[in-house]
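Have a look at the structure below before the remarks.
All values below come from the heavy atoms of this structure, side chains included, with hydrogens, waters and symmetry mates left out. The structure displayed is predicted, hence computed values, not measured ones. Per chain, numbering begins at 1; letters A, B, ... match sequence-line order.
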Amino acid sequence: MIVSRFAPSPTGFLHLGNARTAIFSYLFARHHGGKFILRVEDTDRERSTREFEDMLLEDLKWLGLEWDEFYRQSERLDLYREYTQKLMESGHAYPCFCTVEELEREREEAERRGVPYRYSGKCRVLAPQELEEYKRLSKPYTIRFKVPDGRLVVFEDLIKGHIAINVDDFGDFVIVRSDGTPTYNFVVVVDDALMGVSHVIRGEDHIPNTPKQILIYEALGFQIPKFAHLPVILGEDRSKLSKRHGAVSVRNYREEGYLPEALFNYLCLLGWSPSGTEREIFSKEELVSLFRLEDVNSSPAVFSKEKLRWMNGVYIREVVSTERLVEEFIPFLERAGFSANKEYVKRVIEKTRDSFETLSEGVERLKVFFVDRVEFSEEAKAVLENEKSRHVLELFLDKASQTDLNAQKVKDIAKEIQRELGLKAKDVWHVLRASLTGQLEGVGVDVICDVMPRDRLIDRIENVLKYF
RNA sequence: GCCCCCAUCGUCUAGCCAGGUCCAGGACACCGCCCUUUCAAGGCGGAGAUCGCGGGUUCGAAUCCCGCUGGGGGUGCCA
């Protein structure tokens with residue numbers, strides 16, 4: 001059975017890089033008809049909060065990721081203790097009474113002498129009476145894993161290929177902190193093993209951890225899973241994508257008006273491309289059936305907000321249903337202070353969805369449909385203050401009074417006005433646009449007349465006649 | 001410093017594993033034209049990569065091998 005998992009720590013919003021890791025891990029499991037586990041890694045009590053966890057789960061759901069099993073490491077502490085005990089008994093781990101200060105000093109010393117630092121391992125060989133003394137004083141201690149000498153740990157990474165690391169590069173590492181909580185490298189092994197994880201898919205920043213974990217798998221007699229390390233996502237400056245680069249959390253994009261399926265689709269294409277097609281727009285189902293780890297790139301990719309934006313535009317204008325779009329759009333309208341009737345919004349969206357790329361841009365572009373009072377730009381004022389504009393508007397009102405208004409009617413009327421007043425089409429439309437929207441650019445005037453209620457249109461024009 | 005990973009248009013990438021069909025294909029962004037009541041969208045076209053550099057192997061290398069350089073990551077009682 002194929003089992004993959006996503007194991008975030010609840011210390012902030014869901015980061016784009018983690019989101020992509022989650023997506024790949026999810027697609028992999030679904031592709032193989034396997035199981036996808038969500039495991040919250042909250043053993044770091046200093047930084048983990050339940051609020052962040054809630055956000056994380058919400059963001060994952062919003063993205064469209066659903067998991068088959070859910071675990072929280074803080075609820076499995078007894079289990080980890082059991083395995084710590086096993087490692088102690090089998091001589092794979094030992095208590096270490098060194099203080100942070102002492103260790104810090106050793107590290108600085110190594111730094112100064114220009115030699116690579118690794119823990120000396122001095123607590124490996126404590127004399128029995130020394131140990132007794134510490135116990136008697138209840139001196140706090142950590143538990144360290146005993147790293148064997150000269151061992152070359154080798155594994156075949158599903159993305160990176162053959163990787164060999166000499167464990168002499170690191171000293172005995174801590175698996176249980178002095179406050180009794182277990183550390184990442186240890187719990188990740190216990191959990192992955194116990195949860196039957198067959199494929200560990202995670203960021204490449206975990207490659208250096210992998211040999212440590214393999215050592216623990218072996219010490220505990222667990223079966224070693226397959227590893228797949230995804231390349232990192234970079235910012236424009238080619239350093240690891242972080243807050244410095246601006247909006248980097250899923251939440252940011254959600255709030256800016258990106259659709260979850262567009263973000264999902266875009267993130268998939270960062271570091272992966274399906275073989276045998278040059279298409280780029282895929283449904284989740286298609287992604288599930290196309291996804292293969294073999295097609296994941298081994299080199300890091302730069303995140304391009306430009307391209308995400310374009311793709312979001314594709315989803316807005318041609319992928320999602322109008323109903324969906326309306327549902328997504330209304331909260332944005334409301335947040336901008338407009339009250340909206342669903343049927344009306346739907347009529348607006350139907351005609352205009354091909355003209356904006358994010359929902360917040362949509363609000364900007366479409367607010368002319370919802371404002372009570374039109375605000376005029378300087379250019380629009382200039383147009384309306386022209387004497388000819390008055391004739392155009394009066395004539396328009398006159399002609400409109402005998403008929404209802406829709407796109408075709410408005411075009412007819414504009415043409416008549418143009419002929420009767422000897423104007424260029426452009427001039428007529430400009431005046432109408434300025435009166436109706438207060439702007440010289442934006443959605444087509446015919447569309448506006450098609451969608452907006454007749455009395456509102458007439459109102460706006462009469463208003464202009466009154467004040468200009 | 002030490003360890004590890006990576007290297008095709010500005011960016012995402014195809015091609016690399018099974019060397020010739022690649023004077024390198026697609027997408028975003030960019031530029032131009034068309035459409036047009038404006039801005040977008042859309043249509044058409046253009047520019048853009050001596051396949052990081054240097055050696056090999058080979059009749060032939062983006063593709064295989066070695067070295068170098070550059071970039072990234074790790075080096076915690078964070079995950």
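The C1' atoms of C59(B) and C66(B) are separated by 23 Å, rounded to the nearest whole Å. When the P atom is compared between G15(B) and G54(B), the two are found 26 Å apart, to the nearest whole Å. Taking atom P in both A18(B) and G56(B), the straight-line distance is 24 Å, to the nearest Å.
Here C5(B) is the nucleotide among C5(B), C12(B), C77(B) with the atom lying nearest to any side-chain atom of I207(A). Considering only side-chain atoms of S298(A), the nucleotide from A7(B), C5(B), A29(B) that sits closest is A7(B). Here C77(B) is the nucleotide among G76(B), C77(B), G26(B) with the atom lying nearest to any side-chain atom of R144(A). If you check C5(B), C12(B), U13(B) against the side chain of N297(A), the one that comes closest is U13(B). Listed nucleotides: C77(B), A79(B), U37(B). Nearest to the side chain of V100(A): C77(B). Nearest to the side-chain atoms of E306(A) among the listed nucleotides G1(B), A7(B), C28(B) stands C28(B). Checking C77(B), A79(B), C6(B) against every side-chain atom of L103(A), the shortest atom distance belongs to C77(B). The nucleotide whose nearest atom lies closest to any side-chain atom of N209(A) is, among C3(B), U13(B), A79(B), A79(B). Side-chain atoms of A301(A) lie closest to U13(B) of the nucleotides A79(B), A7(B), U13(B). Distance from the side chain of L234(A) is smallest for G72(B) among the nucleotides C28(B), G72(B), G26(B).
Separating the OH atom of Y71(A) from the P atom of A79(B) is a distance of 20 Å, rounded to the nearest angstrom. E204(A) places its CD atom 11 Å from the P atom of A7(B), with the value rounded to the nearest Å. Put simply, CG on D237(A) is 13 Å from P on U11(B), counting in whole angstrom units. Remark: P of G74(B) and CZ of R202(A) are 14 Å apart, rounded to the nearest angstrom. In this structure, CG of D205(A) is placed 15 Å from P of G76(B), rounded to the nearest angstrom. F282(A) has its CZ atom 17 Å from the P atom of G26(B), to the nearest Å. In this structure, NZ of K160(A) is placed 13 Å from P of G74(B), rounded to the nearest angstrom. As rounded to whole Å, 15 Å separates atom P of C4(B) from atom CD1 of I214(A).
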Sub-3.5 Å pairs of nitrogen or oxygen atoms, protein against nucleotides 44-47 of chain B:
none

What pairs of nitrogen or oxygen atoms, one from the protein and one from nucleotides 39-41 of chain B, lie under 3.5 Å apart?
| residue | atom | partner | partner atom | Å |
| --- | --- | --- | --- | --- |
| C39(B) | O2 | R365(A) | NH1 | 2.5 |
| C39(B) | O2 | R365(A) | NH2 | 2.6 |
| C39(B) | N3 | R365(A) | NH2 | 3.1 |
| C39(B) | N3 | G442(A) | O | 3.4 |
| A41(B) | O4' | D354(A) | O | 3.3 |
| A41(B) | O2' | D354(A) | O | 3.4 |

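In this structure, K240(A) reaches the G74(B) phosphate: one of its side-chain N or O atoms is under 4.0 Å from OP1 or OP2. The side chain of T183(A) contributes no N or O atom lying less than 4.0 Å from OP1 or OP2 of C77(B).
At a cut-off of 3.5 angstrom, counting only N and O atoms as typed in the model, there is a donor on one side and an acceptor on the other between the side-chain of K307(A) and the base of A27(B). The base of C77(B) is paired with the side chain of S178(A) by a donor and an acceptor separated by under 3.5 Å.
Donor-acceptor pairing under 3.5 Å is recorded for the side chains of S74(A) and D42(A). Side-chain N/O atoms of T21(A) and N18(A) include no donor and acceptor closer than 3.5 Å.
Between K409(A) and D412(A), no side-chain nitrogen of the basic residue sits less than 4.0 Å from a carboxylate oxygen of the acidic one, so the salt-bridge criterion is not met. A salt bridge is absent between R365(A) and E361(A): the closest approach of a Lys/Arg side-chain nitrogen to an acidic carboxylate oxygen does not fall below 4.0 angstrom.
Residues L63(A) and Y253(A) have side chains not in contact (no heavy-atom distance under 4.5 Å, counting atoms from C-beta outward).
Checked options R113(A), R112(A), K122(A); the residue passing with E106(A) is K122(A) (criterion: salt bridge (Lys or Arg N to Asp or Glu O under 4.0 Å)). Each of L457(A), I413(A), N406(A) was compared with C449(A) under the side chain to side chain contact (heavy atoms under 4.5 Å, CB included) criterion, and only L457(A) meets it.
Nearest heavy atoms, V451(A) versus R347(A): O-NH2, 2.7 Å.
In this structure, the side chain of R251(A) does not engage the main chain of F13(A) through any donor-acceptor pair within 3.5 Å. Listed for the H206(A) side chain is no donor-acceptor partner under 3.5 Å among the backbone atoms of G203(A). R20(A) places no side-chain N or O within donor-acceptor distance of the main-chain N or O of L267(A), the cut-off being under 3.5 Å. Under the 3.5 Å distance criterion, the side-chain polar atoms of Y266(A) are matched with a main-chain donor or acceptor of S304(A).
T99(A) comes within 4.0 angstrom of a nucleotide base, judged by non-hydrogen atoms across all strands. R433(A) comes within 4.0 angstrom of a nucleotide base, judged by non-hydrogen atoms across all strands. Within the 4.0 angstrom heavy-atom criterion, only backbone atoms of the sugar-phosphate kind lie near V302(A); the bases stay farther away. T142(A) comes within contact range of at least one nucleobase, with a heavy-atom separation under 4.0 Å. Nucleic acid contact class of H206(A) (heavy atoms, under 4.0 Å, all strands): base. At the heavy-atom level, N185(A) lies nowhere under 4.0 Å from the strands shown. Counting non-hydrogen atoms under 4.0 angstrom, C98(A) reaches a base of the nucleic acid. At a threshold of 4.0 angstrom between heavy atoms, the contacts of T43(A) are confined to the sugar-phosphate backbone, with no base atom among them.
Nucleotides of RNA chain B nearest to D169(A) and G276(A) differ in position, and the one nearer the 5' end is that of D169(A).
We find that the ring of W310(A) and the base of C28(B) do not stack by the test of centres under 5.5 angstrom and planes tilted less than 30°.
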